[in-house]
Amino acid sequence: MTKKITILGSTGSIGQSTLDLVRRAGADAFEVIALTANSNVDDLVTQTHEFRPRFIALADVTRGDALRARLSGVDVQIGIGPEAVVEAARIRSDFTMAAIVGAAGLPPTLAAVEQGIHIGLANKECLVCAGELFMHSVRRHGAMLLPVDSEHNAIFQVLERNKPKAVKRFILTASGGPFWQKSLADLRSVSCTDALNHPVWSMGARISVDSATLMNKGFELIEAHYLFDRASEEIDIIVHPQSIVHSMVEYIDGSVLAQMGTPDMRIPIAYALCWPERMEAPVQQLNLAEVSQLTFFEPDLARFPALKHARTAMETGGFAPNILNAADEVAVTAFIGESIKFLQIEEVISRTLEICMSQFPADHDPMVLADVIAVDEQARQTAGKVIASL
Ligand code: NDP
């Protein structure tokens with residue numbers, strides 16, 4: 001049966017990889033219902049001609065006229081603005097790939113969850129910014145979350161979900177990013193180009209910088225905590241530069257189950273797209289003799305304090321992870337725009353957390369979307385002021 005799918009963030013790295021699989025599987029396998037982007041008119045127009053969605057949405061209102069002009073005469077409904085992206089998520093489909101980057105992905109992904117359908121969850125910020133609220137909505141609407149982050153996808157694949165007490169801990173693997181062997185002194189002078197040059201994975205700009213600081217792994221820790229309902233002490237992180245073992249589950253009898261594969265996001269995307277079946281993915285076959293060595297190291301929290309901040313924010317709860325994400329988004333944008341240095345990303349995050357956490361109590365996790373958005377906005381303003389003061 002043809003599966004109706006929507007892709008939120010279709011012009012990004014995950015969005016394009018998803019469409020690559022859809023293209024190869026053919027029109028009998030998938031019908032594209034809706035596609036969304038922020039401002040990339042060129043790619044959205046090309047995708048519209050190729051995949052013939054019923055509805056497309058562009059979040060950036062300043063690019064709306066350009067999009068309409070390029071598609072005049074084409075049979076597609078066009079929505080402009082952030083609310084149009086939410087509207088796209090509300091159109092009935094069987095599967096929605098949530099692949100917008102940042103907190104901007106939260107409202108449309110929640111709208112998709114409310115349909116009670118299968119959700120391919122790449123946008124980890126949904127769980128970082130509003131984990132309790134998001135999981136509550138998933139349960140309430142009977143949606144099925146299929147993790148796309150390769151680590152969580154690996155855990156999902158090897159987890160015996162009906163035996164939660166048999167699980168001792170999760171071990172999330174981290175590639176370590178481009179800088180894991182650099183000294184603190186070297187890290188002072190690394191450039192944005194260096195940070196974007198990930199040794200193993202090809203990804204969007206923000207997650208690439210987050211991989212260089214290891215904040216991405218910190219976000220994944222929080223993601224795993226909410227997604228699989230596990231406490232902080234049950235989730236460990238280990239650096240594994242080859243990125244062949246995508247994560248592991250240790251059971252109480254000492255068995256450790258790992259999922260392996262070449263580092264290609266089309267593997268977890270294909271798994272999510274087709275679950276509970278499997279589909280062919282055009283990925284390089286894993287040749288362990290060629291890889292030859294799989295190595296593992298403890299992460300160094302002195303050089304990569306982002307991991308520490310993420311664990312503390314997760315254990316603190318309340319708005320802390322939401323503030324952490326907002327501060328990181330602002331700091332990473334400033335780093336990409338060359339207004340701050342690499343090590344100042346951490347400075348912006350820790351100072352923003354310090355200022356904002358005194359304003360927002362951590363006695364309960366936020367359960368109202370408007371509160372999450374308001375705190376996100378305030379944390380962004382604070383992070384902007386911190387940057388200006390550096
Ligand atoms: P990209 O930056 O490559 O793409 C992001 C997508 O989101 C684009 O389609 C972009 O549109 C759209 N977008 C950006 N801002 C907004 C906004 N304000 N409103 C609506 N849409 C917006 O990101 P990635 O594909 O790398 O990552 C997407 C998500 O998946 C992130 O949460 C990331 O952490 C997660 N992820 C990514 C992995 C990867 O390998 N790339 C691996 C695991 C998780 P436009 O093109 O117009 O800017």
Side-chain angles (χ1 to χ4, degrees), residues 6-20 34-47 56-64 66-67 79-89 97-109 111-112 119-129 134 146-154 172-175 177 196 198 200-211 213 215-220 222-224 227 243 246-247 263-269 271-272 325-326 328-329 332-333 336 373 376-377 380:
T6 284
I7 304 175
L8 307 172
S10 63
T11 50
S13 165
I14 294 288
Q16 305 256 19
S17 295
T18 307
L19 284 172
D20 179 49
L35 298 174
T36 80
N38 183 34
S39 60
N40 186 342
V41 169
D42 285 348
D43 283 353
L44 191 56
V45 166
T46 306
Q47 291 175 355
I56 57 171
L58 196 71
D60 181 350
V61 286
T62 66
R63 306 284 291 137
L67 180 69
I80 305 297
E83 51 303 320
V85 178
V86 174
E87 194 184 336
M97 175 59 81
I100 290 173
V101 64
L106 179 59
T109 308
I119 308 286
L121 188 70
N123 179 277
K124 65 196 80 184
E125 293 87 347
C126 285
L127 289 168
V128 173
C129 299
F134 190 79
L146 298 157
V148 169
D149 231 337
S150 59
E151 297 75 5
H152 307 73
N153 184 271
L172 296 179
T173 52
S175 70
L196 293 177
H198 197 282
V200 187
W201 297 98
S202 157
M203 309 180 285
R206 192 224 174 172
I207 184 173
S208 297
V209 176
D210 282 343
S211 296
T213 58
M215 181 54 90
N216 180 51
K217 207 49 55 181
F219 288 148
E220 289 177 4
I222 301 172
E223 183 183 6
L227 194 53
S243 293
H246 296 302
S247 279
D264 187 326
M265 283 308 293
R266 289 175 300 183
I267 297 175
I269 293 172
Y271 185 88
N325 175 71
D328 181 73
E329 282 199 40
V332 168
T333 304
I336 292 172
I373 292 171
D376 172 270
E377 186 46 46
R380 280 168 202 269

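Atoms within each ligand, like the ligands themselves, are counted from 1 in listed order.
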* Asked: Any heavy atom of Lys124 sitting closer than 4.0 Å to ligand 1?
  -> yes
* **atom 5 (C) of ligand 1: nearest protein contact (heavy atom, Å)** => Val101 CG1, 3.7 Å
* To do: Write out the residue and atom name of the closest protein heavy atom to atom 26 (O) of ligand 1, then the distance separating them to 0.1 Å.
  => Gly204 N, 2.9 Å
* To do: Specify side chain, backbone, both or neither for Ala59, according to which of its non-hydrogen atoms lie closer than 4.0 Å to ligand 1.
  => side chain
* Taking heavy atoms and a distance under 4.0 Å, where does Met203 meet ligand 1: side chain, backbone, both or neither? -> both
* Asked: Of the options Thr36, Thr18, Ile14, which is the one that meets Ile7 in a side-chain contact (heavy atoms from CB on, under 4.5 Å)?
  -> Thr18
* What atoms of ligand 1 come closer than 4.0 angstrom to any heavy atom of Gly9? -> 6 (C), 7 (O), 9 (O)
* **Donor + acceptor pair across side chains of Asp20, Gln16 (<3.5 Å)** => no
* Is there a donor-acceptor pair under 3.5 Å between the side chain of Gln47 and the backbone N or O of Ser10? -> yes
* Looking at ligand 1, does any of its N/O atoms fall within less than 3.5 Å of an N/O of Ser150? -> no
* Would you sort out whether Met203 and Met265 count as a side chain to side chain contact (heavy atoms under 4.5 Å, CB included), showing the intermediate values? => CA-CA 9 Å; Met203 309 180 285; Met265 283 308 293; 5.7 Å; no
* List the closest protein heavy-atom neighbour of atom 16 (C) of ligand 1: residue, atom name, distance to the nearest 0.1 Å. => Asn38 CB, 3.5 Å
* Between Ile100 and Thr109, is any pair of side-chain heavy atoms under 4.5 Å apart? -> no
* Could you walk me through whether Asp328 and Phe219 pass the side chain to side chain contact (heavy atoms under 4.5 Å, CB included) test, one step at a time? => CA-CA 10 Å; Asp328 181 73; Phe219 288 148; 3.6 Å; yes
* **Among Gly12, Ser17, Ser39, Pro268, closest by any non-hydrogen atom to atom 1 (P) of ligand 1** => Gly12
* Any idea which protein heavy atom is nearest atom 3 (O) of ligand 1, and the distance to it? -> Ser13 N, 2.9 Å
* Considering heavy atoms of the protein only, find what lies nearest to atom 42 (C) of ligand 1 and give residue, atom and distance to 0.1 Å. => Met265 CE, 3.6 Å
* Return the residue, atom name and 0.1 Å-rounded distance of the protein heavy atom closest to atom 9 (O) of ligand 1. => Thr11 OG1, 2.7 Å
* **Heavy-atom nearest option to atom 31 (C) of ligand 1, drawn from Ile100, Ile207, Ile14, Asp149** => Ile100
* To do: Side-chain contact test, heavy atoms from C-beta onward, threshold under 4.5 Å: evaluate it for Ser211 versus Trp201 and give yes or no.
  => no
* **Option from Asp149, Leu121, Ile222 for which side-chain contact (heavy atoms from CB on, under 4.5 Å) with Leu127 holds** => Leu121
* For ligand 1, which atoms sit closer than 4.0 Å to a heavy atom of Ala122? -> 30 (O), 32 (O), 35 (C), 36 (N), 44 (C)
* To do: Find all atoms of ligand 1 within a distance of less than 4.0 Å from any non-hydrogen atom belonging to Asn40, and give their numbers and elements.
  => 45 (P), 46 (O), 47 (O)
* Ala99 heavy atoms, cut-off 4.0 Å: which ligand 1 atoms fall inside? -> 5 (C), 6 (C), 7 (O), 28 (C)
* Check: Glu125 side chain, Ala103 main-chain N or O, donor-acceptor pair, under 3.5 Å -> no
* Asked: Which heavy atom of the protein is the closest neighbour of atom 18 (N) of ligand 1, given with residue, atom name and distance?
  -> Ala104 CB, 3.4 Å
* Lys217 vs Glu220, salt bridge (Lys or Arg N to Asp or Glu O under 4.0 Å): CA-CA, chis, key distance, verdict -> CA-CA 5 Å; Lys217 207 49 55 181; Glu220 289 177 4; 2.6 Å; yes
* To do: Could you tell me whether Thr36 and ligand 1 have an N or O pair separated by under 3.5 Å?
  => no
* Does any N or O in the side chain of Asn123 come within less than 3.5 Å of the main-chain N or O of Gly102, such that one atom is a donor and the other an acceptor? -> yes
* To do: Report the part of Glu125 in contact with ligand 1, treating N, CA, C, O as backbone and CB onward as side chain, heavy atoms under 4.0 Å; options are side chain, backbone, both, neither.
  => side chain
* Asked: Taking Leu67 as the fixed residue, which of Ile56, Asn40, Asp60 is the one that meets the side-chain contact (heavy atoms from CB on, under 4.5 Å) rule?
  -> Ile56
